[in-house]
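Labels below follow one simple rule: chain letters A, B, ... track the order of the sequence lines, proteins then strands, and each chain is numbered from 1.
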There are 2 protein chains.
Amino acid sequence: MVGGGQLARMTHEAGIPLGIRFRLLSDTPQDSAAQVVQDVVVGDYRDLDTLRGFARGCDVITFDHEHVPTEHLRALEAEGVAVRPGPDALVHAQDKGVMRARLTELGVPCPRHRIVADPADVERFAAEVGGFPVVLKTVRGGYDGKGVWVVDSAAEAAATTAPFLAGVAVLAEEKVAFTRELAANVVRSPHGQAVAYPVVESVQVDGVCDTVIAPAPGLADELGLAAQQLALRVAKELGVVGHLAVELFETVDGRVLVNELAMRPHNSGHWTQDGAVTSQFANHVRAVLDLPLGDPRPRAPWTVMANVLGGDFPDMYPAYLHCMAHDPRLKIHMYGKDVKPGRKVGHVNTYGDDLADVRERARHAADYLRGVITE
Amino acid sequence: MVGGGQLARMTHEAGIPLGIRFRLLSDTPQDSAAQVVQDVVVGDYRDLDTLRGFARGCDVITFDHEHVPTEHLRALEAEGVAVRPGPDALVHAQDKGVMRARLTELGVPCPRHRIVADPADVERFAAEVGGFPVVLKTVRGGYDGKGVWVVDSAAEAAATTAPFLAGVAVLAEEKVAFTRELAANVVRSPHGQAVAYPVVESVQVDGVCDTVIAPAPGLADELGLAAQQLALRVAKELGVVGHLAVELFETVDGRVLVNELAMRPHNSGHWTQDGAVTSQFANHVRAVLDLPLGDPRPRAPWTVMANVLGGDFPDMYPAYLHCMAHDPRLKIHMYGKDVKPGRKVGHVNTYGDDLADVRERARHAADYLRGVITE
């Protein structure tokens, strides 16, 4: 797996019972996954020769993030390396312009959008979609609210010149009137076998995923099924191998529109570690190795995941003890990262029959670990 | 953790979400756990200086097996190393003579027993307990039926001279009339917090654990409770820190007698990985680090574990694919070991509402992986 973050850490964890030998390409020996994997290559994923050396002896390579240059992946594939997901699929998670064009071609519902050339063009786009606010996104490199701007006026659009000056392509999108965000997670193997997890609600705070509720409360059966079918269709049409997260807006008028795609285990699927028969990490491993996929069904009526963000106190240990003592059923997942304000350093999962209780337990633990509550 | 077997492999797996930095002392770099752990020291656990070097920088050391010499552990402890379980507790899992003497002193029900000096003494012991058969065990070093002999006559006792000639102490025990074997698994922390898992039935074949059923079917509530209380009392009185497995005989007359003790994660607790809120491995880690313990309650009405033994075919891969395709709910745990006939190379867990179905699914997978059935 290329990339030493928490997704690689948890993928390795899920691969151990499958008997998988896991090799990691990590930026540093201190990265989250590099702490727990035996076979670590430290190197730069932007360097083709590093990737070549890393891939030698691997049956298949897969990814913790979308940042490996597409042309390097094409080169590896041309040299016979099994790259899963392959570059022709992955480019849709790397380049939002390519993704929007392809989904539109497929008739998959998306917010109205187009590539904009400069701030004046943003104003024209706003006029086309009924006015401000509009959303601007760099087509490559953004995540967790980075590389995304919501501009409310022509003046704000004119002020958002940095991406244009940096020469990166900018995608403008209408600001969708949505009631909430959902995610449809599916996993697909080279054989074409695919599984769909229940559609979840993803609660964002400041552009960062805060809480995920599985399944999405009160979601109409038809809309949930439609979202799963949409995700399965996207996975098939784009030739995705491995886990695909389709982030969705549920609109005021009861439709779903695609917001983002991720082709790797995703924050909206962390609940599956303790809440599903087979976790997203285990199924990602099974898919990229073309093993039969595991059952994606939930194990409890409700599972809630809450991200643990770093707070003002670098020493999280006393809070960690407290949370384990306070709730012996709590499932803690720490990433081995130093605590910095706002940094995702772990998550917690809770599950049970009573959503209010399950949600409160997750909320309490995440807030206590962050230090925003002390009892 | 000292020892690179599958117990260390699965303990590391369980420590990853807790954010634990895991160091391993392994005989070889190819051992089961050494394949998946970052920080591996290759060395001989019988060498005190190797143990000293290994322990430097560890907050606590714990064990995958009982074979580290007691005197080395006492030396480490005297030098300030946190050894959990400590040598004063662990000796009861290392030396069956010490274990029987101490349990008898505590009034814990055991088979009648005494150390025997030679084959003639075995005959005298047989006469004391009502005749043959009697069980002979070397006090140290046995496991999975090794170091254990059931002798049916004076002639057989006379033939079993090897352990006497080897100069190891031999314990004779009455052959208990038992209906089945049970195991009571508990975990205890240095704080004195303790949790008890449901008592399970352990089905042995040729002296090796074959299947574990959780909870033990049809076990009388009072007897189950008595077994849990017995295990908790033994853990406390012996000063155990970490996981304690108390292997029990359920007798024809409705009592439980202690067969063996193990102070580490144990085969009879593997079902907890998929069947309990907190696995034995996670609770062992939590205990030895003096973290609050996790909930030991089951997540399903029935969980069954079946060991996967090596069969005649070294390539288990086609069977592995078949089992995953056949039963998407199957939980496979492979140890990364080469297949040899009779060697434990993995286990499977199944869970659900219907015991017959759950048991059949585990049985099918274990038999298929071993190669004794092909459909």
*Would you check if the side chain of B/Arg9 reaches a backbone N or O of A/Ile16 as a donor-acceptor pair within less than 3.5 Å?*
yes

_Interface moiety of A/Arg286 toward chain B, non-hydrogen atoms closer than 4.5 Å_ = side chain

_Using a 4.5 angstrom heavy-atom cutoff, name the option from A/Leu330, A/Asp327, A/Asp274 with the most pairs to chain B._
A/Asp274

*Can you tell which part of A/Ala34 gets under 4.5 Å to a heavy atom of chain B, answering side chain, backbone, both or neither?*
backbone

*B/Tyr351 six-ring centre to A/Arg299 NZ/CZ under 6.0 Å and within 45° of normal*: yes

*Could you tell me which portion of A/His322 (side chain, backbone, both or neither) has an atom closer than 4.5 angstrom to a non-hydrogen atom of chain B?*
neither

*For the residue pair B/Tyr45 and B/Asp27, confirm or rule out a side-chain donor-acceptor distance under 3.5 Å.*
no

*Checking B/Lys331 against chain A: side chain, backbone, both or neither under 4.5 Å from a heavy atom?*
side chain

*Flag the one option from B/Pro296, B/Pro292, B/Ala300, B/Gly294 with the top tally of heavy-atom pairs under 4.5 Å to chain A.*
B/Pro292

*Let me know which of A/Ile373, A/Thr374, A/Val308 forms a side chain to side chain contact (heavy atoms under 4.5 Å, CB included) with A/Asp367.*
A/Ile373

*What do you reckon, are the aromatic ring centroids of B/Phe281 and B/His12 less than 6.0 Å apart?*
no

_Is B/Leu24 in contact with chain A via its backbone, its side chain, both, or neither, using a 4.5 Å heavy-atom distance?_
neither

*Who among A/Val277, A/Val36, A/Ile332 has the most heavy-atom pairs with chain B under 4.5 Å?*
A/Val36

*Say whether B/His266 and B/Ser268, considering side chains only, have a donor N or O and an acceptor N or O under 3.5 Å apart.*
yes

_Which atoms of B/Arg329 approach chain A - backbone, side chain, both or neither, heavy atom under 4.5 Å_ = both

_Nearest non-hydrogen partners of A/Tyr335 and A/Lys344, listed with the distance_ = CD1-O, 3.7 Å

*asked:* For B/Val37, which atoms come within 4.5 Å of any heavy atom of chain A: side chain, backbone, both, or neither?
replied: backbone

*Check: A/Thr303/A/Asn349 side-chain N/O donor and acceptor closer than 3.5 Å*: no

*Between A/Gln35, A/Gln273, A/His333, which residue shows the highest count of heavy-atom pairs closer than 4.5 Å to chain B?*
A/Gln35

_So for B/His347, is it side chain, backbone, both, or neither that comes closer than 4.5 Å to the heavy atoms of chain A?_
neither

